[in-house]
Amino acid sequence: MVVLPVFLQAPWVRLHPFSAVLFTGLLLAVGIVLNQTGSPNRAEIGQLLVGFSGSWLAGCLFWGWLRAHPILHLPIEAFALPLALGGLNGRWRLASAFYLSSLIGTACTDLMMA
């Protein structure tokens, strides 16, 4: 799920940012449906997809329309930070942890690039 944005999302967002943003809805819907199944494995995959959809949306917004403003990268990537922090103590713990881990990775990458 980390390599996917590099090889799929980056070129897609450059060509058609709006359709890449719309794909977030599909990721989120599939994640929610999988989370509501009776299978623990599918529920975990669903939660990972929900967390991933937050990172996907942020990447689409930044790289699709705001890439000329690198100072906005981390604030845009952190748009769901309040939701993720709130979700750590609830049923979306895995989704929140995935999103927060992705955000920390983004922050480290930005720091190294700076």
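Just so you know, these numbers use all the heavy atoms, side chains as well, and skip hydrogens, waters and symmetry mates.
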Taking only distance into account, with no hydrogens and no angle test, what donor-acceptor pairs under 3.5 Å do side-chain atoms of residues 22-32 form with protein atoms, sequence neighbours excluded?
from, atom 1, to, atom 2, distance (Å)
T24, OG1, V21, O, 2.9

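- G64 and P17 get closest at one heavy-atom pair: CA-CB, 3.8 Å.
- The 12-atom threshold is not exceeded at CD1 of I71, counting heavy atoms of other residues, nucleotides or ligands nearer than 6.0 Å.
- Checked against side-chain hydrogen bond (donor to acceptor under 3.5 Å, both in side chains), W12 has the following partners two or more places apart in sequence or in another chain: S19.
- No continuous path of ILVMFWY side-chain contacts below 4.5 Å connects L100 to F98, so the two sit in separate hydrophobic clusters.
- The same ILVMFWY cluster, assembled from side-chain heavy atoms under 4.5 Å apart, contains both L48 and L8.
- Annotation: the span from L85 atom CG to L81 atom CG amounts to 4.5 Å, rounded to 0.5 Å.
- With hydrophobic clusters built from ILVMFWY side chains whose heavy atoms lie under 4.5 angstrom apart, W65 shares a cluster with F79.
- Every residue two or more places apart in sequence or in another chain that forms a side chain to side chain contact (heavy atoms under 4.5 Å, CB included) with A80 is listed here: Y99.
- Partners of T109 under the side chain to side chain contact (heavy atoms under 4.5 Å, CB included) rule, at least two apart in sequence or in another chain, are M113.
- Under the 4.5 Å side-chain criterion, counting only non-hydrogen atoms from C-beta, L94 is not in contact with V50.
- Heavy-atom minimum distance, S55 versus S102: OG-CB, 3.4 Å.
- Under the side chain to side chain donor-acceptor pair (under 3.5 Å) criterion, the residue pairs touching residues 77-94 are H73-E77, with sequence neighbours excluded.
- Transitive grouping of hydrophobic side chains (ILVMFWY, heavy atoms separated by less than 4.5 Å) brings L88 and L103 into a common cluster.
- Contact check for Q9 versus W56: side-chain heavy atoms found under the 4.5 Å cut-off.
- With sequence neighbours excluded, the residues satisfying side chain to side chain contact (heavy atoms under 4.5 Å, CB included) with I76 are L61, F62, L66, L72.
- Counting non-hydrogen atoms of other residues, nucleotides and ligands closer than 6.0 Å to CZ of R42 gives a total of 12 or fewer.
- To the nearest 0.5 Å, atoms CG (N41) and CG (L34) are separated by 11.0 Å.
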